[in-house]
2 protein chains.
Amino acid sequence: MIRISKKVEYALMALKFISQSDNKLVTAREISDTKKIPYDLLSKILQKLKNENILISNQGTNGGYSLNKRTDEIYLFNLMNMLDGDVAVADCMHEAKEKDCSLEDSCSIKSEVAKLQKEVEDVFKNKTISDFV
Amino acid sequence: MIRISKKVEYALMALKFISQSDNKLVTAREISDTKKIPYDLLSKILQKLKNENILISNQGTNGGYSLNKRTDEIYLFNLMNMLDGDVAVADCMHEAKEKDCSLEDSCSIKSEVAKLQKEVEDVFKNKTISDFV
DNA sequence: TCTAATTTGGACTAATATAGTCCTATTTGA
DNA sequence: TCAAATAGGACTATATTAGTCCAAATTAGA
């Protein structure tokens with residue numbers, strides 16, 4: 001839902017770490033060790049961020065990751081979407097599938113919940129990685 | 001976390017329903033039937049709201065619930081707290097126990113997460129039941 | 001060309017949180 | 001005394017999140 005999951009938390013820490021490494025390539029192991037983040041989980045996250053063009057990766061010996069965007073171009077809201085999927089304040093606010101709400105007919109609060117959704121979204125859309133650095 | 005769980009959703013629907021019943025006592029069965037909410041679950045929610053002085057209950061035949069506060073005195077943020085416990089954008093933002101964050105030392109993003117917490121809290125603190133009626 | 005360091009990525013398990021159910025009291029008006 | 005209601009503990013089921021395990025592919029350097 002709308003929250004900073006462990007994945008997002010780890011992503012923020014990793015991105016911050018990478019952004020502070022003066023263009024030197026950073027390995028998953030390095031981040032995992034200094035930040036005490038489970039290695040396998042972190043790897044998955046970095047791979048995802050690479051596939052989403054947030055990071056650039058170099059494989060093999062001496063490989064590692066580097067940023068592919070400026071920190072102020074990476075939005076928290078997007079990170080959350082990438083890592084945890086649809087960001088929604090309530091089950092019925094999932095865009096993708098309209099997650100067929102069983103209450104549809106009897107629900108009397110949907111429009112206000114939608115308003116809430118927008119307000120909360122805005123908070124997360126207004127934060128970028130640069131805010132965390 | 002910070003979201004409208006089913007419990008909160010049902011509470012909002014129920015409170016709206018009760019607020020629109022002109023002081024007539026409303027039974028859990030009545031709400032459950034017309035709003036298609038699982039009866040047992042709804043009962044628990046109403047009992048909780050009664051214990052938190054949001055509702056007044058009358059037991060026995062012809063019993064039921066009525067509001068104990070004006071709708072604009074019932075804050076969404078408080079409802080969430082009552083029904084789902086501590087409202088937090090991240091695990092480390094739980095007040096009660098400081099939920100001993102294993103990253104404590106290596107975490108480099110806590111202050112910004114705290115800022116975020118406050119911003120999101122404010123959204124929920126600025127909504128009352130009257131917004132949903 | 002071999003080896004070690006590294007990313008890649010699928011499949012699985014464990015832990016936790018949420019949602020829902022079942023059952024038995026207790027209260028009270030008619 | 002009965003039926004309609006709230007009260008509430010204990011339990012089960014489901015979904016989500018977190019974390020682990022394993023094997024492959026890539027690449028620099030000895």
Side-chain angles (χ1 to χ4, degrees), chain A residues 1-11 14 18 24-33 36-52 55-66 68 80 83-88 90-92 94 97 99 101-103, chain B residues 1-11 14 18 24-33 36-52 54-66 68 80 83-92 94 97 99 101-103:
Chain A
M1 289 293 143
I2 287 225
R3 64 186 269 261
I4 307 294
S5 67
K6 285 292 172 192
K7 280 191 199 169
V8 173
E9 206 174 285
Y10 295 155
I18 296 171
K24 191 170 62 65
L25 287 186
V26 181
T27 67
R29 181 61 66 188
E30 211 176 329
I31 302 173
S32 162
D33 285 348
K36 307 281 166 49
I37 299 172
Y39 175 76
D40 287 305
L41 187 49
L42 178 63
S43 294
K44 294 285 156 53
I45 294 167
L46 297 176
Q47 283 164 38
K48 187 74 180 238
L49 294 179
K50 178 253 171 177
N51 286 329
E52 299 277 358
L55 293 176
I56 290 173
S57 72
N58 288 70
Q59 276 182 277
T61 310
N62 299 334
Y65 295 94
S66 61
N68 194 29
M80 293 164 75
L83 296 170
D84 295 331
D86 231 12
V87 163
D91 287 344
C92 59
H94 284 276
K97 317 192 169 185
K99 194 158 184 178
C101 172
S102 57
L103 298 172
Chain B
M1 289 292 143
I2 286 226
R3 65 186 269 264
I4 307 294
S5 67
K6 284 291 172 195
K7 279 190 200 169
V8 173
E9 203 174 287
Y10 295 156
I18 296 171
K24 190 170 62 66
L25 286 187
V26 180
T27 67
R29 181 61 66 187
E30 210 176 330
I31 302 173
S32 163
D33 284 348
K36 307 281 167 45
I37 299 172
Y39 175 76
D40 287 305
L41 187 49
L42 178 62
S43 294
K44 294 284 156 55
I45 294 167
L46 296 176
Q47 282 163 38
K48 187 75 181 237
L49 295 179
K50 178 253 171 178
N51 286 329
E52 299 278 357
I54 303 288
L55 294 176
I56 290 172
S57 72
N58 289 69
Q59 277 181 278
T61 310
N62 299 333
Y65 294 94
S66 59
N68 194 28
M80 292 164 75
L83 296 171
D84 296 330
D86 232 11
V87 164
V89 292
D91 287 344
C92 60
H94 284 276
K97 316 192 169 185
K99 194 158 183 178
C101 172
S102 57
L103 298 172

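Chain naming here is simple, since letters A, B, ... match the order of the sequence lines and numbering starts at 1 in each. Heavy atoms only: backbone and side chains are in, while hydrogens, waters and symmetry mates are out.
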Exercise for review: Classify the nucleic acid contact of A:Tyr10 as base, sugar-phosphate or nothing, counting any heavy atom under 4.0 Å across all strands shown.
Suggested key: sugar-phosphate
Point to revise | Given C:dT8, C:dA19, D:dT20, the nucleotide with the shortest approach to the side chain of B:Ser5 | key: C:dA19
Check your understanding: With a cut-off of 6.0 Å (strictly less than), are more than 12 heavy atoms of other residues, nucleotides or ligands near NZ of B:Lys6?
Key -> yes
Exercise for review: Go through D:dT20, C:dT7, D:dA7 for me and flag the one nearest to the A:Asp40 side chain.
Suggested key: D:dT20
Review point. Separation of B:Tyr65 atom OH from C:dT27 atom C1', in whole Å?
Key: 12 Å
Exercise for review: To the nearest Å, give me how far apart NZ (B:Lys6) and C1' (D:dT16) are.
Suggested key: 15 Å
Practice item. Rounded off to whole Å, could you give me the CD1-to-C1' distance for the A:Ile45 and D:dG19 pair? Key: 10 Å
Review point. Which part of the nucleic acid does A:Asn58 contact within heavy-atom distance under 4.0 Å: base, sugar-phosphate only, or nothing?
Key: sugar-phosphate
Practice item. Could you check which of D:dG19, D:dT26, D:dA4 has an atom nearest any side-chain atom of A:Gln59? Key: D:dT26
Point to revise | Between P of C:dA5 and CG of A:Leu25, the distance in whole Å | key: 17 Å
Practice item. Select from A:Pro38 and A:Thr61 the residue whose nearest nucleotide in DNA chain D is closer to the 5' end of that strand. Key: A:Pro38
**Study point:** Rounded distance (Å) that lies between atom P of C:dT21 and atom CG of B:Leu42
**Key:** 12 Å
Practice item. Between C:dA19, C:dA4, D:dG8, spot the one nearest the side chain of B:Leu41, thanks. Key: C:dA19
Review point. Could a donor-acceptor pair under 3.5 angstrom be found where the side chain of B:Lys44 meets the base of C:dT21?
Key: yes
Review point. Touch check for A:Asn62, heavy atoms < 4.0 angstrom, all strands: base, sugar-phosphate only, or nothing?
Key: sugar-phosphate
Review point. Rounded to whole angstroms, how far apart are NZ on B:Lys36 and P on C:dG20?
Key: 15 Å
Practice item. From the options C:dT8, C:dT7, D:dA18, select the nucleotide whose nearest atom is closest to the side chain of A:Gln47. Key: C:dT8
Review point. With a 4.0 Å cut-off on heavy atoms, is A:Tyr39 in touch with a base, just the backbone sugar-phosphate, or nothing at all?
Key: base
Review point. Any sub-3.5 Å donor-acceptor pair from B:Ser32's side-chain atoms to B:Ile37's backbone N or O?
Key: yes
Exercise for review: Would you kindly give the CD-to-P distance between A:Glu30 and C:dA5, to the nearest whole Å?
Suggested key: 14 Å
